[in-house]
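All figures in this text were calculated on a predicted structure; none of them were measured in a lab. Naming convention: chains lettered A, B, ... in sequence-line order (proteins, then strands); numbering from 1 in each chain.
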2 protein chains.
Amino acid sequence: MKLPTSTEWVLHCAASLAQLQSGDTASAAQLAAYYDLPAPYLAKQLQALTKAGVLAASTGPRGGFRLARPAAEITLLQIVEAVDGPARPYECREIRQQGRGALPREDCQDTCVLARKMADAHDAWRRSLAGVSLADILDEIPADAPARTRRILMG
Amino acid sequence: MKLPTSTEWVLHCAASLAQLQSGDTASAAQLAAYYDLPAPYLAKQLQALTKAGVLAASTGPRGGFRLARPAAEITLLQIVEAVDGPARPYECREIRQQGRGALPREDCQDTCVLARKMADAHDAWRRSLAGVSLADILDEIPADAPARTRRILMG
DNA sequence: GCAGATCTACTCGGATAGGTGGTGTCCGAGTGCCTTGGG
DNA sequence: CCCAAGGCACTCGGACACCACCTATCCGAGTAGATCTGC
């Protein structure tokens, strides 16, 4: 079970975008330079965030990415699932219905216990991430960090 | 973020082994036939469980796998991490220390906020799985299931 | 009948190929800004 | 001086190779049991 490396990239990029002033944007190239990342691949991931409705993109000069909604309304879960997909890590393929020990269909009306427990764990993970917004992240960084970020990122 | 397909296999196999009577064993071939799985690859995964101390293996005729400890002392987390490895899905590579916006080392004494939140979510997932033992699973299946499992699996 | 050695068949254990999804890269379509010419 | 049209440079968006990990498989080492022989 491994999250894509780009997960860290988009989390930090989203946090940086949350530090911009309303109306400002940052291009994929600027963000890539800010964190020393491969620009084209980072752009691909930011596209995914745009499709998911987390970021908004504008083309042309002075264009780039910005948050699609207030930082308080964007959770870490939305960012992570935008790049990793909404698929559950544990996929029940109903092997209990195969082989010599196959159970009759009537005994498989409800989802199997193991799948339920795995789903419970995944829900706990999702709830934990859904409980943290970008605004919460900004609350935990030094007060003078946003100004520095803006200066270096867009300068 | 995807768990190996074999996760479902070993979870069901462990649950089946938990239904055996003390002293009995089931071979990889028997378990594979019971669920219609590729026997050699399943054996490889059961080896991983043995290395992790979840199962105990005995060779020779009448040999096979059995639980290494009472079912109440084996959690789903131990089984899952035995096949998937103990690595955390989110790996912080400290990109905040790279690129134009690199933070000075003195500001990176403590782990970055995002890595901490991702670790919190992973801990919630692990706690959820650690709270379910094989004994809990057996409590939720019909009372006559173990006898059927033994008959078909070892017969 | 019994004990010992042998022999066999069955088990696990590790080393070896192939397929799918993430990683990294490229070029094309579209748009806002700037320049430039005219009124 | 003001305005409008054109050109341009910059942006995102999608399509194309490469590599690592999971999937799948094979054969060899070791052992418990059964067999056979001799006493």
K.L.:
Of the residues in residues 40-49 of chain A, which ones touch DNA chain C at a heavy-atom distance under 4.0 Å?
P.N.:
A/P40, A/Y41
K.L.:
Please report the interatomic distance CG(A/D139) to CG(A/L134), rounded to the nearest 0.5 Å.
P.N.:
11.0 Å
K.L.:
Could you check whether B/E81 pairs with B/R126 (Lys NZ or Arg NE/NH1/NH2 to Asp/Glu carboxylate O, under 4.0 Å)?
P.N.:
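Yes.
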K.L.:
Would you say the side chain of A/D136 lies within less than 4.5 Å of the side chain of B/K117, judging by non-hydrogen atoms?
P.N.:
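No, too far: nothing below the 4.5 Å cut-off.
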K.L.:
In whole angstrom, what separates A/D84's CG from C/dG21's C1'?
P.N.:
11 Å
K.L.:
To the nearest Å, how far apart are B/L55 CG and C/dG13 P?
P.N.:
10 Å
K.L.:
Rounded to the Å, how far apart are B/D36 CG and D/dA24 C1'?
P.N.:
15 Å
K.L.:
Between atom NE2 of B/H12 and atom SG of A/C92, what is the distance when rounded to the nearest 0.5 Å?
P.N.:
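B/H12 NE2 to A/C92 SG: 5.5 Å, rounded to 0.5 Å.
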K.L.:
Taking atom CZ as the centre, does A/R100 end up with more than 12 heavy-atom neighbours from other residues, nucleotides or ligands that are less than 6.0 angstrom away?
P.N.:
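Count not over threshold, so no.
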K.L.:
B/L3 CG to D/dC22 C1': how many Å, rounded?
P.N.:
12 Å
K.L.:
Determine, using the 4.5 Å side-chain heavy-atom cutoff (strictly less than), whether B/L31 and B/L138 are members of one ILVMFWY cluster.
P.N.:
no
K.L.:
Hey, which of these two, B/K2 or A/T50, hits DNA chain D nearer its 5' end, going by closest nucleotide?
P.N.:
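The answer here is A/T50.
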K.L.:
Would you mind reading off the distance between B/M1 atom CE and C/dT20 atom C1', rounded to a whole angstrom?
P.N.:
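Going from CE in B/M1 over to C1' in C/dT20 covers 19 Å.
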K.L.:
Going by the rule ring-ring contact (aromatic ring centres under 6.0 Å, His included), which residues pair with A/Y41 if we only count those two or more places apart in sequence or in a different chain?
P.N.:
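A/Y41: ring-ring contact (aromatic ring centres under 6.0 Å, His included) contacts with A/W9.
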K.L.:
Would you check if the side chain of B/D84 reaches a backbone N or O of B/L3 as a donor-acceptor pair within less than 3.5 Å?
P.N.:
no
K.L.:
Polar-atom pairs under 3.5 Å, protein N or O versus N or O of nucleotides 5-11 of chain C: list them with distances, or write none.
P.N.:
{"residue": "C/dT11", "atom": "O4'", "partner": "B/G60", "partner atom": "O", "Å": "3.2"}

K.L.:
Mind calculating the distance between CD1 (B/I95) and C1' (C/dT23) to the nearest angstrom?
P.N.:
16 Å
